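Single-structure report; data block below.
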Amino acid sequence: MMKYHIWTEGCQMNVADSQRVASELEKLGYRATRDAESADVIVLNTCVVRQSAEDKAYARLMSLKPLKAARPDLVLGLMGCLVGVRDASPLQKRFPFVDVFLPPSDPSKLVELLRARDGHAARGEDFEIEQHEIETRYELQDADLVLPVHERGNLVSAHVPIIYGCNHICTFCIIPYRRGRERSRSIGEIAAEARALVKQGVKEITLLGQIVDRYGYDVGDDPRLPDLLRAIHDIEGLERIRFLTSHPLYLTDELLDAIAGLPKVCEHIEVPVQAGDDAMLAKMKRGYTVDNYRALSAKIRARVPNVSIATDIIVGMPGETEAQFLGTYHLLKELELDVAHVAMFSPRPNTVAARWDDDMPPDEKERRRKAIEDLQADIVATINAKFLGQTVEVLVEEKAKNRWKGRTRNNKLVFFEDAAREWKGKLAHVKIEWTGPWSMIGTVMPE
Ligand code: SF4
């Protein structure tokens, strides 16, 4: 049996891309292994959004060089934002021991290489059975994605990319340079993938895009994200739909109404503000003001009952003054959002911000990051305390240390104990008895 090993770093888009690679390799008869040393194919799916992530990718790649030297038949693939959509020849020169360079979201070069190399020789009896299953599913037009054997019937929640790339050029962000311009997938293709996932046991699908609510903008006047949500809403067996990441400029009223009106679409929106100062937002080229974001969060809350809102923040941009930082701090204090992911600015190649002086000492960036995180922990602890005594619907993902773990519709993490029943993949109604900033604990209620 030929085996593959995939190492993934970075965002949910990369996790979904790795899933796609795994699916393609499974179709070729390969099986997953956690042990890179014994794999016939290794793919490193990389992230470069911050220098630390990029360093990690280089370290992992170099650690595999001796293995490749000892086993020249090993196929080593480098994928993701380190490769990007640009010409791979500089990387080829630098890392000649890598067999194939794959842009984000596109495993086709690896598939071609393995097909050419293996022919039919790699396909054992087991593969023939698998192939038959796949063909049957193709007849149903539901086989675009084949989960790895160990995940079939085991994966409760899956991510499906719906739009690749980004047309914005936020001054700090490397993503448009590495993932290219926007390309939306067709509704038919996405729906087929969603149906295939649900058939294999998935209950929740998260639709992904760098700006997910720009779905369809590259194609024409329609479809848009609300159309896609309606198209996959009626898939039997699918319990929940989420989408991320939104952009304040494209979170339309129609989209908010779709969230409010479609029962399977969860009341959780990830919409980054990045900074709480107009001059800084202009410097970041975000295209909105603090007041625009204020108004948007009020509108989201008015139109979508029980919604939770998550945001992203960058601290330590070049030239960020104490007053600008405090603008961000006070905005978060005022808006009381459910989640704030905080990143410290790190200059990235080709971006506009890389030309500016990265003038803030690391310990000052760290102080600002920690101040936001501490504030946010207090805010979320207060928000979550309101759930005490309430009964919430939890989609159970797995058992962790004798406790079932799942999420509410608005993405709160909930644990409960129940030794008597198998809850994985089921909806449980849990009465909340303890809350903290990062999770809640409760008791499952009789149905
Ligand atoms: S919207 Fe801005 S931050 Fe988001 S991926 Fe595009 S360029 Fe990067």
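Since the model is a prediction, treat every value here as computed from it, not as a measurement. Numbering of ligands and ligand atoms starts at 1, following listing order.
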How far is [atom] from the closest protein heavy atom, and which atom is that?
{"atom": "atom 2 (Fe) of ligand 1", "answer": "C170 SG, 2.3 Å"}
{"atom": "atom 8 (Fe) of ligand 1", "answer": "C173 SG, 2.3 Å"}
{"atom": "atom 6 (Fe) of ligand 1", "answer": "C166 SG, 2.3 Å"}

With a 4.0 Å heavy-atom cut-off (strictly under), which part of I211 contacts ligand 1: side chain, backbone, both or neither? side chain

Check each heavy atom of P176 against ligand 1 and say whether those closer than 4.0 Å belong to the side chain, the backbone, both or neither.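 Side chain only.
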
is_close_aromatic(F243, Y215), centroid dist under 6.0 Å: no

Charged N to carboxylate O under 4.0 angstrom, [X] versus [Y]?
{"X": "E24", "Y": "R20", "result": "yes"}
{"X": "D363", "Y": "R367", "result": "no"}
{"X": "K283", "Y": "E320", "result": "no"}
{"X": "K68", "Y": "D99", "result": "yes"}

Of the choices R178, M284, Q210, which has the non-hydrogen atom that lies closest to atom 5 (S) of ligand 1? Q210

From R240, R407, R403, K203, residue fulfilling salt bridge (charged side-chain N to carboxylate O under 4.0 Å, His left out) relative to E397: R407

Check if R286 has a non-hydrogen atom at a distance under 4.0 Å from any atom of ligand 1.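 Checking ligand 1 against R286, which is what was asked, there is a heavy-atom contact under 4.0 Å.
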
Which ligand 1 atoms are under 4.0 Å away from a heavy-atom of F172? 3 (S)

